[in-house]
Amino acid sequence: MNVLVAGGTGFVGQHLCRELVDRGHDVTALARDPDPTSLPPGVDAAMGDVTAYDSMAAAFEGQDVVYNLVALPPLFKPSGGDEMHDRVHRGGTENCLRAAADHDVTRFVQMSALGADPDGATHYIRAKGRAEELVRETELDWTIFRPSVIFGDGAGFLSFTRKLTPPVVAPLPGGGKTKFQPIYIDDFTEILADSIEDDSHVGETYEIGGPEVVRLAEVAKLVRKAAGHSVQIVSVPMGLAKAGLTIADAIPGAPMGRDQYRSLQFDNTTSTNDIDAFGVEPDDLTTLAEYLEISQEYGP
């Protein structure tokens with residue numbers, strides 16, 4: 001099949017493009033400023049911004065499937081302000097759906113997020129929820145994925161944890177009790193690729209997580225242990241964290257703000273992990289500790 005991957009030069013996109021090419025698909029990566037040298041061999045590059053319809057619509061010509069992976073990281077404040085979430089996630093999805101319909105694309109795969117809700121607590125979650133509404137209203141054959149955090153080389157989740165966790169003593173909001181269900185990038189992209197090869201996935205929304213649920217404090221200890229450091233977690237009261245990040249929200253260039261505080265108030269875990277829809281069992285998946293090549297011990 002001819003497959004267009006919007007956001008194909010990003011973290012998930014590069015891995016997905018490689019998986020699709022390995023399966024024999026003809027793949028094009030769409031990005032605002034694609035660097036062909038960053039793409040796997042056999043992947044074509046197309047230039048276009050999903051927030052500007054005329055810049056990217058031509059890339060949809062002749063495609064059988066479109067993946068919309070374009071996203072802003074929820075754990076860092078967008079450089080253009082929180083309204084960028086709506087512009088990129090909802091507006092970008094709207095343009096991709098329009099281009100797909102205009103160019104007779106039949107399959108559309110949307111990467112959303114756990115907890116996506118038009119009335120959700122953060123700009124990111126609301127924009128993802130509104131984007132899902134647009135996808136479900138289309139006449140295209142669609143599939144929606146709601147993954148937990150994704151880890152691997154270059155993943156934002158691990159860099160976020162490192163920024164939040166200095167060596168020796170790490171003050172974490174609420175003691176780092178927020179729960180995550182991290183999934184390894186290669187495990188996730190195999191599932192993404194499987195979704196277009198079986199019509200049973202059309203019209204389905206899948207919550208996807210890894211083999212274990214871990215708290216942010218546990219992730220912090222694993223990350224620091226992998227770097228050869230021990231760390232003592234110190235709990236920062238959520239009220240104090242809110243005050244600090246509210247102040248940070250007004251500072252240009254600050255990596256976190258109020259939205260990131262809100263995101264740490266609710267868990268990022270599946271209600272029912274839908275990996276079984278793809279013939280996958282939890283024991284088949286890579287744990288964070290296995291990826292970091294350390295023992296599964298969360299102590300300092």
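Excluded from the calculations below are hydrogen atoms, water molecules and symmetry mates; all remaining heavy atoms, backbone and side chain alike, are included. All of these numbers come straight from a predicted model, not from anything done at the bench.
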Pairs flagged by salt bridge (charged side-chain N to carboxylate O under 4.0 Å, His left out) wherever residues 43-55 is involved - sequence neighbours left out: none
Nearest-0.5 Å distance that lies between atom CD1 in Ile191 and atom CG in Asp274: 9.5 Å
Gap between atom CD of Glu83 and atom CZ of Arg87 - 0.5 Å precision: 9.5 Å
Arg224 (side chain) donor-acceptor with Ser230 (main chain) under 3.5 angstrom: no
Residues forming a side-chain hydrogen bond (donor to acceptor under 3.5 Å, both in side chains) with Asn2, sequence neighbours excluded: none
Those residues that, when tested against Ala226, pass side-chain contact (heavy atoms from CB on, under 4.5 Å) (two or more places apart): Leu292, Ile294
Taking every non-hydrogen atom, the tightest pair across Gln63 and Leu4: OE1-N, 3.4 Å
Check against side-chain contact (heavy atoms from CB on, under 4.5 Å), Asp186 and Thr286: CA-CA 9 Å; Asp186 289 347; Thr286 301; over 6 Å; no
Thr287 to Pro211 - nearest heavy-atom pair and separation: CG2-CG, 3.7 Å
Test log, rule side-chain contact (heavy atoms from CB on, under 4.5 Å), inputs Asp33 and Met47: CA-CA 6 Å; Asp33 187 19; Met47 180 179 294; 4.2 Å; yes
Atom pair NZ/CG of Lys177 and Leu216 - distance to nearest 0.5 Å: 12.5 Å
Phe145 side, atom CZ; Thr205 side, atom OG1 - distance, nearest 0.5 Å: 9.5 Å
Pairs satisfying side chain to side chain donor-acceptor pair (under 3.5 Å), at least one member in residues 5-21, at least two apart: Glu19-Arg23
Taking every non-hydrogen atom, the tightest pair across Val105 and Leu140: O-CD2, 3.0 Å
Smallest separation among heavy atoms of Ser112 and Glu132, with atom names: OG-OE2, 2.6 Å
Parallel, tilted or perpendicular: ring planes of His123 versus His85, cut at 30 and 60 degrees: parallel
Non-neighbouring partners of Val88 that pass side-chain contact (heavy atoms from CB on, under 4.5 Å), sequence neighbours left out: Thr51, Val70, Leu72, Met84
Where Leu285 and Gly209 come nearest, the two heavy atoms and their spacing: CD1-O, 3.8 Å
Qualifying residues under ring-ring contact (aromatic ring centres under 6.0 Å, His included), relative to His201, sequence neighbours excluded: Tyr206, Phe278
Closest non-hydrogen atom pair between Ala71 and Lys128, with its separation: CB-NZ, 3.8 Å
Name of the residue among Tyr291, Tyr184, Phe180 meeting ring pair (Phe, Tyr, Trp, His ring centres under 6.0 Å) with Phe157: Phe180
side-chain contact (heavy atoms from CB on, under 4.5 Å) between Val12 and Leu192, worked out: CA-CA 10 Å; Val12 176; Leu192 284 177; 4.0 Å; yes
Contact list for residues 92-116, test ring-ring contact (aromatic ring centres under 6.0 Å, His included), sequence neighbours left out: none
Derivation of the side-chain contact (heavy atoms from CB on, under 4.5 Å) call for Tyr67 and Leu20: CA-CA 11 Å; Tyr67 285 87; Leu20 292 169; 3.9 Å; yes
Shared hydrophobic cluster for Val202 and Ile196 (ILVMFWY, side-chain gaps under 4.5 Å): no
Interatomic distance, Thr189 atom OG1 to Asp194 atom CG [nearest 0.5 angstrom]: 9.5 Å
From Thr161 atom OG1 to Leu288 atom CG, the distance as rounded to the nearest 0.5 Å: 8.5 Å
Heavy-atom check, side chain of Pro41 versus side chain of Val21, under 4.5 Å: no
Hphob cluster co-occupancy, Leu114 + Leu158, side-chain heavy atoms under 4.5 angstrom: no
Distance-only donor-acceptor check, side chains Asn268 and Ser148, under 3.5 Å: yes
Contact list for residues 28-50, test ring-ring contact (aromatic ring centres under 6.0 Å, His included), sequence neighbours left out: none
Residue list, salt bridge (charged side-chain N to carboxylate O under 4.0 Å, His left out) with Asp199, at least two apart or on another chain: Arg107
Name each donor-acceptor pair under 3.5 Å that joins a side chain in residues 91-102 to protein atoms two or more places apart or in another chain, with its distance.
from: Thr93; atom 1: OG1; to: Asn68; atom 2: ND2; distance (Å): 3.1
from: Thr93; atom 1: OG1; to: His89; atom 2: O; distance (Å): 2.5
from: Thr93; atom 1: OG1; to: Gln110; atom 2: NE2; distance (Å): 3.0
from: Glu94; atom 1: OE1; to: Arg90; atom 2: NH1; distance (Å): 3.3
from: Asn95; atom 1: ND2; to: Val50; atom 2: O; distance (Å): 2.8
from: Asp102; atom 1: OD2; to: Tyr53; atom 2: OH; distance (Å): 2.5

Close side-chain approach of Thr178 to Asp267, heavy-atom, < 4.5 Å: yes
Residues which pass side-chain hydrogen bond (donor to acceptor under 3.5 Å, both in side chains) with Thr270, listed by chain and number, not counting sequence neighbours: Gln181
Under the side-chain contact (heavy atoms from CB on, under 4.5 Å) test, residues paired with Ala227 that sit two or more places apart: His229
